[in-house]
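Take a look at the structure set out below.
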Number of protein chains: 2
Amino acid sequence: MENPEASPHRSGCPINLGLEVFGDKWSLLIVRDMMFSGKRHFREFLASDEGISTNILADRLVKLVEAGVLTRAGDPAHKLKAIYSLTEMGIELLPIVAEISRWSRKYQPVDPQMAATGEARDRGGPGAVAAQMEALRRIHLNGEI
Amino acid sequence: MENPEASPHRSGCPINLGLEVFGDKWSLLIVRDMMFSGKRHFREFLASDEGISTNILADRLVKLVEAGVLTRAGDPAHKLKAIYSLTEMGIELLPIVAEISRWSRKYQPVDPQMAATGEARDRGGPGAVAAQMEALRRIHLNGEI
DNA sequence: CTCCAATGATTGCATTTTGCAAGCGATTGC
DNA sequence: GCAATCGCTTGCAAAATGCAATCATTGGAG
């Protein structure tokens, strides 16, 4: 073959590598739902306002798990249910999500009700993001990272 | 008509509204090139490592101008050249880009050379982002915002 | 003037991704 | 049993993307 070690990446630029993981219109919405709405199940993600379709959702969940942002586990009580959890890598997407929220609240026609949690985080100062990440760790990382 | 006031947005969520503007694999790369490489012309964007194609680049430039992130002006010295500038809205994407850079430098196989500017910004502390934004204002906003 | 390279795009076409609705097998609750 | 619910797949049309060729206009060199 011509190039047996071809890189799967368009470039080694940090911005580009991030976009290769979550640079689409859906991935960060799934992460958002896990962070701010406590969603963990396929059917819960499906019920979001933006109306993701089942095939796109299934595809993104697989890709996010492959990327190491989420993990997938069977619900011990309900064999049918799959439980998705944020990894530490996924939890550390919160600063990005928080900055997107800040930007949109300044420049986009956001729904005031949906802007409330972001405004509260801003009022909480620099420690609010860290505190929110720590809370997510307790929920998603059963103690260990 | 059924719904004369249909919203063009999937939802009023801040995260979603941000993704509707730059939630794709190319838009933020154009912004990155303007911020960190001083690129202002079509042909310069075209020369990036990731290899954007001409039709996609033209499409994104139009959309970013429509969204208010960039402005387009003719080069007074060269009538053929179009000069793109960041607006204040575009400059305020820097905190988002900086956080993406931080995340990728922690979790993705970034090129060390391309990571250097991000690392320097991190070493500069909280004021480094603000200083970089101020520098961009001087270049792109001829005095007024 | 004439030629030619360089400018910001546009076009045509094949491939990929998305959106949408229907359906699937397995499991649970009643 | 048996309907409802679970995560997920399939089929198919529409849209977005990737790629190469091409466009009209301009600027500069000779």
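Residue numbering restarts at 1 for every chain, and letters A, B, ... go by the order of the sequence lines. Computed from a predicted model, the values in this text were never measured in an experiment.
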Measuring to OP1 and OP2 of dT18(C), would you say a side-chain N or O of Arg10(B) lies under 4.0 angstrom away? no
Expressed as a whole number of angstroms, how long is the span from Leu46(A):CG to dA22(C):C1'? 14 Å
Ranking dA22(C), dA9(C), dT17(D) by distance to the side chain of Arg72(B), first place goes to dA9(C)
Roughly, in whole Å, what's the span from CG in Asp59(A) to C1' in dT17(C)? 9 Å
What do the steps show when you test Arg102(A) against Glu99(A) for salt bridge (charged side-chain N to carboxylate O under 4.0 Å, His left out), and what is the final call? CA-CA 5 Å; Arg102(A) 264 165 64 88; Glu99(A) 288 297 339; 3.5 Å; yes
Glu50(B) has an atom CD; how far is it from atom C1' of dG18(D), in whole Å? 15 Å
Between C1' on dA16(D) and NZ on Lys25(B), what's the gap in Å once rounded to a whole number? 13 Å
Quick one: Leu57(B) CG to dT11(C) C1', roughly how many Å, whole number? 16 Å
Rounded to whole Å, the OH-P distance (Tyr84(B) to dT7(C)) equals 14 Å
For residues Tyr84(A) and Arg40(A), is any side-chain donor paired with an opposing acceptor at under 3.5 Å? no
Of His78(A) and Trp26(A), whose nearest nucleotide on DNA chain C comes first from the 5' end? Trp26(A)
Assign Phe45(A) to base, sugar-phosphate, or nothing according to its heavy-atom contacts below 4.0 angstrom with the strands shown. nothing
Would you compute the distance between atom CD of Glu92(A) and atom CG of Leu94(A) and round it to the nearest 0.5 angstrom? 10.0 Å
For side chain to side chain contact (heavy atoms under 4.5 Å, CB included), just list the numbers for Phe45(A) and Arg60(A), CA-CA rounded to whole Å, side-chain angles, deciding distance to a tenth of an Å, and then say yes or no. CA-CA 11 Å; Phe45(A) 298 127; Arg60(A) 291 306 187 281; over 6 Å; no
Nearest-nucleotide comparison on DNA chain C, the residue closer to the 5′ end among Lys79(A) and Ile52(A): Ile52(A)
Given dT17(D), is OP1 or OP2 found less than 4.0 Å from the side-chain N or O atoms of Arg60(B)? yes
Taking CG from Leu70(A) and P from dG7(D), how many angstroms apart are they, rounded to a whole number? 14 Å
Considering only side-chain heavy atoms of Asn55(B), which listed nucleotide, dC8(D), dT11(C), dT28(C), is closest? dT11(C)
Counting only distance, no hydrogens or angles, is the base of dT17(D) paired donor-acceptor with the side chain of Ser53(B) under 3.5 Å? no
Side chain of Thr54(B) - closest among dA26(C), dT10(C), dG7(D): dT10(C)
With respect to Met35(B), which candidate in Leu86(B), Leu28(B), Thr117(B) satisfies the side-chain contact (heavy atoms from CB on, under 4.5 Å) definition? Leu86(B)
Which whole-number value in Å describes the distance from Arg43(B) CZ to dT26(D) P? 16 Å
Nearest to side-chain heavy atoms of Leu80(A), which nucleotide of dG19(C), dA26(C), dG7(D): dA26(C)
Result for 5'-nearest mapping on DNA chain D, choosing between Lys63(B) and Ala82(A), is Ala82(A)
